[in-house]
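Note on naming: letters A, B, ... go to the chains in the order of the sequence lines (proteins, then strands), and numbering restarts at 1 for each one.
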2 protein chains.
Amino acid sequence: MNAKTTTVSKSKPFTDLQALNQAAECLRTLAHPHRLRMIQMLLRGRYTVGELAEACQIANHMASEHLRLMQRCGFLTNLKEGRKNYYQVAEPHLAQIMHCIETRFDANNQ
Amino acid sequence: MNAKTTTVSKSKPFTDLQALNQAAECLRTLAHPHRLRMIQMLLRGRYTVGELAEACQIANHMASEHLRLMQRCGFLTNLKEGRKNYYQVAEPHLAQIMHCIETRFDANNQ
DNA sequence: TAAATATATCGTAACATTACGATATGTCAA
DNA sequence: TTGACATATCGTAATGTTACGATATATTTA
């Protein structure tokens, strides 16, 4: 009937409710336009709170909160240098997931 | 670790705010444990509202609402057969995205 | 036609998320 | 030490999401 016509191969569905909840929580953290933008930038380099805020056109303290959220669920780590705080990607799966999302939503590819 | 080390390559970051909003909206739709479970099932076959509800241990009318949400953002389509309503996956990128999520969160792979 | 079944919709209460001004902390330079 | 800068935290109003009982629709069976 169904199944596996594509490249997708070895992963298993997690029946485990705890895994489902965890996955949902991480996806919720991902599911915000400014946070997506920040992750896209951080996958290509490291940036300060202020630089990310400017790119998203939001106040610095808002950027700071988004970054804290993403750090909490393990997406990012930070490194303070003087009064600047550099964030970078810590979760190795993020690149792959963002790649999926980018190929799906980039207007040029549609 | 596993396959697909090659895949991350050609996608571009979408500066476009509209694309970011769209992506965020779809991710929000994905970001619910019951909806994730339903998508996992539907990637492997087609099921009725009642079957999905039972698998998630929720009331039928709740399952119905989750399915409607996922249909709205293009993840699913439905096919009525008598009084049953079969849902199936319509968005081809879902398999790949779920694969990413499954490899990240399956307890057995941790 | 009436009852049973499967699904969908509505109204709403409970809860979560977001944005943002105000304020606090830590760092540097004069 | 003072002032400016970069970032973080708090309180809260506005908004969005979820769950769920009640009810509606559509289909099959008796």
Side-chain angles (χ1 to χ4, degrees), chain A residues 17-18 20-39 41-42 45-90, chain B residues 17-18 20-39 41-42 45-90:
Chain A
L17 187 60
Q18 208 192 347
L20 285 168
N21 280 321
Q22 231 185 110
E25 195 182 331
C26 282
L27 286 169
R28 253 185 289 128
T29 303
L30 214 55
H32 186 288
H34 295 151
R35 293 197 290 265
L36 284 174
R37 182 97 175 77
M38 289 175 178
I39 290 172
M41 291 179 66
L42 293 172
R46 52 171 224 159
Y47 294 94
T48 64
V49 176
E51 288 166 338
L52 294 164
E54 194 186 357
C56 295
Q57 310 194 56
I58 60 177
N60 286 13
H61 77 281
M62 297 288 314
S64 177
E65 268 196 67
H66 287 303
L67 291 162
R68 184 172 53 89
L69 256 183
M70 292 194 280
Q71 198 177 28
R72 283 223 178 158
C73 78
F75 288 173
L76 306 180
T77 51
N78 69 313
L79 183 60
K80 291 208 178 191
E81 284 184 17
R83 51 188 155 182
K84 300 195 175 182
N85 196 358
Y86 285 90
Y87 280 87
Q88 53 197 332
V89 171
Chain B
L17 187 59
Q18 207 192 348
L20 286 167
N21 279 321
Q22 232 186 109
E25 194 184 328
C26 282
L27 286 168
R28 253 184 289 128
T29 303
L30 213 56
H32 187 289
H34 295 152
R35 292 198 288 266
L36 283 174
R37 183 96 173 77
M38 289 176 178
I39 289 172
M41 291 179 68
L42 292 171
R46 51 172 225 158
Y47 293 95
T48 66
V49 175
E51 288 167 340
L52 294 164
E54 195 186 357
C56 295
Q57 310 195 58
I58 60 177
N60 286 12
H61 77 282
M62 296 288 312
S64 177
E65 269 195 67
H66 286 304
L67 291 163
R68 183 170 56 88
L69 256 182
M70 292 194 279
Q71 199 178 27
R72 283 223 176 157
C73 77
F75 288 173
L76 307 180
T77 49
N78 69 311
L79 184 60
K80 291 208 176 191
E81 284 185 18
R83 54 189 155 184
K84 300 196 173 178
N85 197 358
Y86 285 91
Y87 281 86
Q88 54 196 331
V89 171

Taking 4.0 Å as the cut-off, does a side-chain nitrogen or oxygen of B:Thr48 come that near to OP1 or OP2 on C:dA6?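 Indeed not, no polar side-chain atom of B:Thr48 lies that close.
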
Calculate, to the nearest 0.5 Å, the distance between atoms [atom1] and [atom2] belonging to [X] and [Y] respectively.
{"X": "B:His32", "Y": "A:Asn21", "atom1": "NE2", "atom2": "CG", "value": "8.5 Å"}
{"X": "B:Thr29", "Y": "B:Met70", "atom1": "OG1", "atom2": "CE", "value": "9.0 Å"}
{"X": "A:Ile39", "Y": "A:Arg37", "atom1": "CD1", "atom2": "CZ", "value": "12.5 Å"}
{"X": "B:Cys26", "Y": "A:Leu27", "atom1": "SG", "atom2": "CG", "value": "12.0 Å"}
{"X": "B:Leu30", "Y": "B:Arg28", "atom1": "CG", "atom2": "CZ", "value": "12.0 Å"}

How sharply is the helix from C:dT1-D:dA30 to C:dA30-D:dT1 bent, taking the axes over five pairs at either end and rounding to 10 degrees?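 That helix has its two terminal axes inclined by roughly 20°.
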
Of all the nucleotides listed (C:dT7, C:dT9, C:dA8), which has the minimum atom distance to the side chain of B:Ser64?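 From the listed options, C:dA8 comes nearest.
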
Once you round it to whole Å, what is the distance between [atom2] of [N] and [atom1] of [X]?
{"X": "B:Asn60", "N": "C:dA4", "atom1": "CG", "atom2": "P", "result": "17 Å"}
{"X": "B:Leu79", "N": "C:dA6", "atom1": "CG", "atom2": "P", "result": "17 Å"}
{"X": "A:Glu51", "N": "D:dA6", "atom1": "CD", "atom2": "C1'", "result": "12 Å"}
{"X": "B:Tyr87", "N": "C:dA6", "atom1": "OH", "atom2": "P", "result": "16 Å"}
{"X": "A:Glu54", "N": "D:dC5", "atom1": "CD", "atom2": "C1'", "result": "15 Å"}
{"X": "B:Lys84", "N": "D:dT29", "atom1": "NZ", "atom2": "P", "result": "11 Å"}
{"X": "B:Leu76", "N": "C:dA8", "atom1": "CG", "atom2": "P", "result": "12 Å"}
{"X": "B:Leu52", "N": "C:dA8", "atom1": "CG", "atom2": "C1'", "result": "15 Å"}

All salt bridge (Lys or Arg N to Asp or Glu O under 4.0 Å) counterparts of A:Glu65, not counting sequence neighbours: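 In terms of salt bridge (Lys or Arg N to Asp or Glu O under 4.0 Å), with neighbours along the sequence ignored, A:Glu65 is linked to A:Arg68.
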
What residues form a side chain to side chain contact (heavy atoms under 4.5 Å, CB included) with B:Thr48, not counting sequence neighbours?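 Only B:Glu51, B:Lys84, B:Tyr86 meet the side chain to side chain contact (heavy atoms under 4.5 Å, CB included) criterion with B:Thr48.
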
Just jot down the side-chain hydrogen bond (donor to acceptor under 3.5 Å, both in side chains) partners of A:His66, sequence neighbours excluded, or say none.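 A:His66 satisfies side-chain hydrogen bond (donor to acceptor under 3.5 Å, both in side chains) with A:Arg35 once adjacent residues are dropped.
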
Report, one line per pair, each donor and acceptor closer than 3.5 Å where one atom sits in a side chain of residues 74-81 of chain A; sequence neighbours left out.
residue : atom : partner : partner atom : Å
A:Asn78 : OD1  : A:Gln71 : NE2          : 2.6
A:Asn78 : ND2  : A:Asn85 : OD1          : 3.2
A:Glu81 : OE2  : A:Arg46 : NH1          : 3.4
A:Glu81 : OE2  : A:Arg46 : NH2          : 3.0

Nucleotide by nucleotide, nucleotides 17-30 of chain C touches protein heavy atoms under 4.0 Å in the pattern (B base, S sugar-phosphate only, - none) SSBBBB----BS--

If you look at every strand shown and take non-hydrogen atoms under 4.0 Å, does B:Tyr86 touch a base, only sugar-phosphate, or nothing?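 Contact class for B:Tyr86: none.
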
